[in-house]
Amino acid sequence: MNTLHRLDGRLYLEGVALDTLAERFGTPLYIYSRQALEAAYRAYAEAFAATPHLICYAVKASSNLAILNLFARLGAGFDIVSGGELARVLAAGGDPGKVVFSGVGKTADEMRAALDAGILCFNVESASELHRLNRVAGEMGKIAPVSFRVNPDVDPKTHPYISTGLKENKFGVPIADAPALYRLAASLPNLRITGIDCHIGSQLIDLSPLADAADRVLALVDSLAAEGIALHHIDLGGGVGIRYRDETPPDLAAYGRALAARFAGRQERLLLEPGRSLVGNAGLLLTRIEYLKPGEDKHFAIVDAAMNDLMRPALYEAYHEIVAVNERSAQAKRYDIVGPICETGDFIGFARDLAIEEGDLLALLSAGAYGMSMASNYNSRPRAAEVLIDKNEIHLIRERETLGSMMAGERLVD
Ligand SMILES: *Cc1c(COP(=O)(O)O)cnc(C)c1O
């Protein structure tokens, strides 16, 4: 289904014209397509159907309760990185028994909340964390389910863009240290070994590093089994890329086949932690042009969305396609699209050819992942509203932040 399409010059998401949403809810406005969200999930479910698996949606990509609830209803588990994300999953009706808890800095409070909820496992990232988890579980009279996040150190020469799977970064434990850590975990009284985890990076557009990482993890699992440490699941993380511009992301069906071949005859269940690839292209950010500012060398379009709403361009120099919501017949000019924030880094996109006038609407595409979930109040800008489209139905899934709620919690001193 073509969820984003143009009809008589107007841009629609599913059955709803985007300009009507701007009138009703204001801008900047995040808008998601239910069909696109569900299609992305089903694509995973189908691609991995041959292998017993659990898809744990990485909540940090987009954490609105309505989106979590849609995935929960499709049977998804969740990959969380904080106690806040755990609370969201529970509030959205997610099954705690399908939650994996990642992250290098889990606090004792977060561990207690996750043990209380009864999560599937902790993806432990250091020996210190393991000892803390053993102590916290012991204090609660519980047994904590443990999986180590290993760092498979996928060859940087063949895959130079991988940012989290290399020896020198903060994530995971070196794969060479894993056997000793599993033995340590087996010796601690309040832990139960359940699995293994890796996550080598994000926006991967090539299958081979994912397959390389899988091979390294499977070899480790086999050597652990040989010494009597049996695992119940193998979590190969997220990281599958999406099309922002002209990328050709990995074919999920091919990834599914590659893993099916490797998992055939194995006992362990496959876990995956996709974030971006489930939501990225299901959402966009709608913004209105406040001013056009002609220049000698170039023109600026100053819009009402900024780096506090969509941080990816400023943070990663990420590219988002920008399209006019209502087509004009005029000649296109080249613009830098920038926000109103007092930072040179506050840009949305450079050198875009658009036929636009002040007051027009722009759609910033592929903004469903790491968009709203990274939004802040910088420059005291209330955070945007979020809307979910379901065919012709319009659901406000998050109200625009008010000035009052933005300042709530702050106090003057005597
Ligand atoms: C961010 C993250 C993911 C999701 O990554 P995507 O690139 O969005 O698929 C999965 N697992 C862990 C541990 C993460 O930190």
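Quick caveat: nothing in here was measured; it's all calculated off a predicted structure. Whatever order the structure lists them in is the order used to number ligands and atoms, beginning at 1. Note that the numbering runs from 1 along the sequence shown for the chain.
A cation-pi arrangement is absent between Lys98 and Phe78, since the terminal nitrogen or guanidinium carbon is not both under 6.0 Å from the aromatic centre and inside a 45° cone about the axis. In this structure, Arg257 is not positioned above the aromatic face of Phe263 in the sense of NZ or CZ being under 6.0 Å from the six-membered ring centre and within 45° of the axis. Annotation: cation-pi pair Arg245/Tyr319 present, NZ/CZ under 6.0 Å from the ring centroid and within 45° of its normal.
Note on ligand 1: Gly239 sits in its first shell, one or more heavy atoms being nearer than 4.0 Å. Residue Tyr370 places a heavy atom under 4.0 Å from ligand 1.
Interface of Ser102 with ligand 1, defined as ligand atoms under 4.0 Å from a residue heavy atom, comprises 13 (C). Listed by number with element, the atoms of ligand 1 under 4.0 Å from a non-hydrogen atom of Gly238 are 9 (O), 10 (C). Shown in contact with Arg149 at under 4.0 Å from a heavy atom are these atoms of ligand 1, numbered in order with element: 13 (C). The Gly275 neighbourhood of ligand 1 comprises atoms 4 (C), 6 (P), 8 (O), 9 (O), with distances under 4.0 Å to a heavy atom of that residue. Taking every heavy atom of Arg276 and a limit of under 4.0 angstrom, the matching atoms of ligand 1 come to 6 (P), 8 (O), 9 (O).
Atom CD of Gln267 sits in a sparse spot, with 12 or fewer heavy atoms from other residues, nucleotides or ligands closer than 6.0 Å. The environment of Glu399 atom CD is sparse: at most 12 non-hydrogen atoms of other residues, nucleotides or ligands sit within 6.0 angstrom.
Of all protein heavy atoms, the one closest to atom 7 (O) of ligand 1 is Ser202 OG, 2.3 Å.
At a heavy-atom cutoff of 4.0 Å, ligand 1 is contacted by no atom of Asp197, backbone or side chain.
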**OP:** For Phe71 and Tyr57, run ring pair (Phe, Tyr, Trp, His ring centres under 6.0 Å): C-alpha distance rounded to whole Å, both residues' side-chain angles, the deciding distance at 0.1 Å, then the answer.
**Re:** CA-CA 8 Å; Phe71 286 139; Tyr57 167 60; 4.7 Å; yes

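Between the side chains of Arg243 and Ser366, no donor-acceptor pair is found at a separation under 3.5 Å.
The closest heavy-atom contact to atom 2 (C) of ligand 1, among the options Glu273, His199, Lys60, comes from Lys60.
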